[in-house]
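Working notes, structure below.
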Amino acid sequence: LGLQHEVYRVTGDGYFCMDIYLPEYDVAVEFNYKMQYYKGNDISIVSRREANTERMHYTKRNDDGSFSVERDASTTKTAETKLRGFFLAKRCAKVVTVPYFEYEKCITPEERMAYVKQRLSKEAGVEV
(Lines give C-alpha, C1' and ligand atoms only; values in the text may rest on other atoms or scores of the structure.)
Protein backbone atom coordinates (compact mmCIF):
# COMPACT_ATOMS: atom_id res chain seq x y z
CA LEU A 1 0.00 0.00 0.00
CA GLY A 2 2.89 2.36 0.55
CA LEU A 3 1.55 3.22 4.01
CA GLN A 4 2.44 2.01 7.45
CA HIS A 5 -0.01 -0.80 8.12
CA GLU A 6 -0.56 -3.82 10.33
CA VAL A 7 -2.05 -7.10 9.12
CA TYR A 8 -4.50 -8.95 11.38
CA ARG A 9 -4.30 -6.39 14.16
CA VAL A 10 -6.31 -7.20 17.27
CA THR A 11 -8.35 -4.33 18.74
CA GLY A 12 -7.25 -2.91 22.09
CA ASP A 13 -10.03 -4.73 23.93
CA GLY A 14 -9.09 -8.04 22.28
CA TYR A 15 -12.55 -8.70 20.83
CA PHE A 16 -11.89 -8.16 17.11
CA CYS A 17 -9.17 -8.68 14.55
CA MET A 18 -8.90 -6.27 11.60
CA ASP A 19 -7.63 -7.56 8.25
CA ILE A 20 -5.52 -4.42 7.73
CA TYR A 21 -5.11 -1.48 10.10
CA LEU A 22 -3.65 1.91 9.15
CA PRO A 23 -2.51 3.39 12.49
CA GLU A 24 -1.67 6.83 11.05
CA TYR A 25 -5.31 7.25 9.97
CA ASP A 26 -7.00 4.96 12.52
CA VAL A 27 -8.64 3.10 9.61
CA ALA A 28 -9.53 -0.59 9.45
CA VAL A 29 -9.77 -2.36 6.09
CA GLU A 30 -12.04 -5.39 6.11
CA PHE A 31 -12.13 -7.91 3.26
CA ASN A 32 -15.60 -9.46 3.32
CA TYR A 33 -15.73 -12.95 1.84
CA LYS A 34 -18.65 -15.00 0.48
CA MET A 35 -19.43 -16.48 3.89
CA GLN A 36 -20.17 -12.97 5.18
CA TYR A 37 -23.11 -12.56 2.77
CA TYR A 38 -26.38 -14.42 2.49
CA LYS A 39 -26.61 -17.16 -0.13
CA GLY A 40 -28.99 -17.11 -3.10
CA ASN A 41 -32.14 -15.02 -3.25
CA ASP A 42 -33.86 -14.19 -0.01
CA ILE A 43 -37.35 -12.95 0.80
CA SER A 44 -37.31 -11.01 4.04
CA ILE A 45 -39.54 -8.78 6.10
CA VAL A 46 -37.89 -5.36 6.46
CA SER A 47 -38.84 -1.82 7.37
CA ARG A 48 -39.49 0.76 4.64
CA ARG A 49 -36.25 2.55 5.64
CA GLU A 50 -34.10 -0.57 5.25
CA ALA A 51 -35.78 -1.46 1.95
CA ASN A 52 -35.14 2.03 0.58
CA THR A 53 -31.56 2.08 1.88
CA GLU A 54 -30.64 -1.20 0.23
CA ARG A 55 -32.73 -0.54 -2.94
CA MET A 56 -34.61 -3.79 -2.68
CA HIS A 57 -37.45 -4.96 -4.90
CA TYR A 58 -40.77 -4.83 -3.00
CA THR A 59 -42.91 -7.91 -3.38
CA LYS A 60 -45.76 -6.76 -1.09
CA ARG A 61 -46.64 -4.35 1.69
CA ASN A 62 -47.67 -6.01 4.95
CA ASP A 63 -50.50 -4.84 7.25
CA ASP A 64 -48.01 -3.70 9.92
CA GLY A 65 -46.28 -1.29 7.51
CA SER A 66 -43.29 -3.56 6.86
CA PHE A 67 -42.47 -4.88 3.40
CA SER A 68 -41.76 -8.32 2.04
CA VAL A 69 -38.84 -7.86 -0.29
CA GLU A 70 -36.77 -9.96 -2.58
CA ARG A 71 -33.08 -9.20 -2.75
CA ASP A 72 -29.99 -10.68 -4.25
CA ALA A 73 -28.75 -12.16 -1.03
CA SER A 74 -25.29 -12.89 -2.39
CA THR A 75 -24.56 -9.15 -2.11
CA THR A 76 -26.40 -8.62 1.19
CA LYS A 77 -24.26 -8.75 4.34
CA THR A 78 -25.34 -11.17 7.04
CA ALA A 79 -26.60 -9.70 10.29
CA GLU A 80 -23.42 -10.92 11.98
CA THR A 81 -21.26 -9.09 9.43
CA LYS A 82 -23.25 -5.87 9.83
CA LEU A 83 -22.99 -6.09 13.61
CA ARG A 84 -19.25 -6.75 13.47
CA GLY A 85 -18.83 -3.69 11.24
CA PHE A 86 -20.84 -1.61 13.70
CA PHE A 87 -18.64 -2.66 16.63
CA LEU A 88 -15.42 -2.11 14.65
CA ALA A 89 -16.60 1.39 13.73
CA LYS A 90 -16.82 2.15 17.46
CA ARG A 91 -13.14 1.22 17.81
CA CYS A 92 -11.59 3.13 14.87
CA ALA A 93 -12.20 6.37 13.02
CA LYS A 94 -13.29 4.56 9.83
CA VAL A 95 -13.90 1.04 8.53
CA VAL A 96 -13.40 0.45 4.81
CA THR A 97 -15.14 -2.66 3.49
CA VAL A 98 -13.91 -4.57 0.46
CA PRO A 99 -16.71 -6.90 -0.75
CA TYR A 100 -15.67 -10.16 -2.41
CA PHE A 101 -17.98 -9.66 -5.42
CA GLU A 102 -16.13 -6.46 -6.38
CA TYR A 103 -12.62 -7.58 -5.38
CA GLU A 104 -12.94 -10.80 -7.43
CA LYS A 105 -13.39 -8.71 -10.59
CA CYS A 106 -9.77 -7.58 -10.23
CA ILE A 107 -7.63 -10.12 -12.04
CA THR A 108 -4.05 -8.99 -11.48
CA PRO A 109 -2.34 -8.01 -8.21
CA GLU A 110 -1.96 -4.49 -9.64
CA GLU A 111 -5.71 -4.21 -10.26
CA ARG A 112 -6.42 -5.43 -6.73
CA MET A 113 -4.02 -2.91 -5.21
CA ALA A 114 -5.52 -0.09 -7.30
CA TYR A 115 -9.01 -1.14 -6.23
CA VAL A 116 -8.12 -1.12 -2.50
CA LYS A 117 -6.41 2.28 -2.88
CA GLN A 118 -9.52 3.65 -4.61
CA ARG A 119 -11.74 2.37 -1.76
CA LEU A 120 -9.43 3.95 0.83
CA SER A 121 -9.56 7.28 -0.97
CA LYS A 122 -13.32 7.23 -1.51
CA GLU A 123 -14.45 5.91 1.88
CA ALA A 124 -11.77 7.19 4.28
CA GLY A 125 -10.08 10.08 2.49
CA VAL A 126 -6.74 8.24 2.59
CA GLU A 127 -4.66 9.14 -0.45
CA VAL A 128 -2.06 6.52 -1.33
Side-chain angles (χ1 to χ4, degrees):
L1 288 172
L3 296 171
Q4 179 187 359
H5 65 280
E6 300 172 33
V7 178
Y8 299 121
R9 180 178 193 264
V10 176
T11 57
D13 57 16
Y15 289 116
F16 298 96
C17 180
M18 298 172 270
D19 293 331
I20 297 175
Y21 178 67
L22 307 176
E24 182 179 343
Y25 300 93
D26 193 25
V27 170
V29 180
E30 286 293 298
F31 289 82
N32 285 348
Y33 301 99
K34 289 181 183 180
M35 66 189 165
Q36 292 170 297
Y37 294 84
Y38 291 110
K39 293 179 178 70
N41 284 339
D42 179 32
I43 295 182
S44 303
I45 307 299
V46 298
S47 68
R48 170 179 275 183
R49 181 177 173 184
E50 182 182 359
N52 287 337
T53 301
E54 297 195 21
R55 295 181 181 87
M56 299 175 188
H57 173 70
Y58 300 101
T59 56
K60 73 173 194 172
R61 182 182 175 131
N62 302 315
D63 293 336
D64 64 359
S66 65
F67 291 84
S68 294
V69 296
E70 183 176 334
R71 56 184 160 186
D72 179 3
S74 64
T75 61
T76 302
K77 292 178 186 176
T78 63
E80 180 181 356
T81 300
K82 287 181 181 181
L83 191 58
R84 184 177 191 285
F86 172 80
F87 285 125
L88 268 180
K90 297 287 186 191
R91 289 160 173 79
C92 350
K94 190 71 182 168
V95 177
V96 175
T97 302
V98 178
Y100 80 92
F101 50 87
E102 292 180 3
Y103 190 73
E104 284 183 347
K105 293 177 186 175
C106 304
I107 306 300
T108 66
E110 293 80 18
E111 287 176 334
R112 291 181 178 148
M113 185 65 70
Y115 174 75
V116 171
K117 288 179 179 181
Q118 179 264 333
R119 295 290 293 212
L120 282 168
S121 174
K122 182 179 177 183
E123 292 186 33
V126 175
E127 296 300 326
V128 183

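All values below were derived from every heavy atom in this structure, side-chain atoms included, with hydrogens, water molecules and symmetry-related copies excluded.
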From CZ (Arg112) to NZ (Lys117), nearest 0.5 Å: 15.0 Å
task: Return the minimal non-hydrogen interatomic distance between Tyr115 and Cys106, and the atom names on each side.
output: CB-SG, 3.6 Å
Cluster check Val126, Tyr21: I/L/V/M/F/W/Y, side chain < 4.5 angstrom: no
- line: Correct closest heavy-atom pair for Tyr25 and Ala93 would be O-CB, 4.0 Å
task: Check the pair Thr97, Lys77 against side-chain contact (heavy atoms from CB on, under 4.5 Å), reporting the backbone distance first and the verdict last.
output: CA-CA 11 Å; Thr97 302; Lys77 292 178 186 176; 3.9 Å; yes
query: Are Val10 and Val7 in one and the same hydrophobic cluster, where Ile, Leu, Val, Met, Phe, Trp and Tyr link if side-chain heavy atoms are under 4.5 Å apart?
result: no
Salt bridge (Lys or Arg N to Asp or Glu O under 4.0 Å) contacts touching residues 9-26 (sequence neighbours left out): Glu6-Arg9, Asp13-Arg91
- line: Separation between OG1 (Thr11) and NZ (Lys90), nearest 0.5 Å, reads 15.0 Å
message: Starting from Val29, can I reach Val128 by hopping between I/L/V/M/F/W/Y residues whose side chains sit under 4.5 Å apart?
response: yes
query: Got more than 12 heavy atoms from elsewhere within 6.0 Å of OH, Tyr15?
result: no
field: From CA spacing to verdict: side-chain contact (heavy atoms from CB on, under 4.5 Å), Met35, Glu80
entry: CA-CA 11 Å; Met35 66 189 165; Glu80 180 181 356; over 6 Å; no
message: Hydrophobic cluster membership, with links at side-chain heavy-atom distances under 4.5 Å among I/L/V/M/F/W/Y: are Met18 and Tyr103 in one?
response: no
field: Minimal non-hydrogen separation, Val96 against Leu120, with atom names
entry: CG2-CD2, 4.1 Å
message: Measuring from atom NE2 of His5 to atom CG of Leu3, what distance do you get when rounded to the nearest 0.5 angstrom?
response: 8.5 Å
field: Inter- and intrachain pairs under salt bridge (Lys or Arg N to Asp or Glu O under 4.0 Å), touching residues 118-128, at least two apart
entry: Glu102-Arg119, Arg119-Glu123
task: Report yes or no: does Gln36 contribute a side-chain atom to a donor-acceptor pair with the main-chain N or O of Tyr33 at less than 3.5 Å?
output: yes
query: Can you tell me how far OG1 of Thr76 sits from NZ of Lys82, rounded to the nearest 0.5 angstrom?
result: 7.0 Å
- prompt: What do the steps show when you test Ile20 against Phe31 for side-chain contact (heavy atoms from CB on, under 4.5 Å), and what is the final call?
  reply: CA-CA 9 Å; Ile20 297 175; Phe31 289 82; 3.7 Å; yes
- request: Check whether Val27 and Val98 end up in the same hydrophobic cluster, where Ile, Leu, Val, Met, Phe, Trp and Tyr are linked by side-chain heavy atoms less than 4.5 Å apart.
  value: yes
- request: Grab the two heavy atoms, one from Lys94 and one from Ala124, that are nearest each other, plus how far apart they are.
  value: CG-CB, 3.8 Å
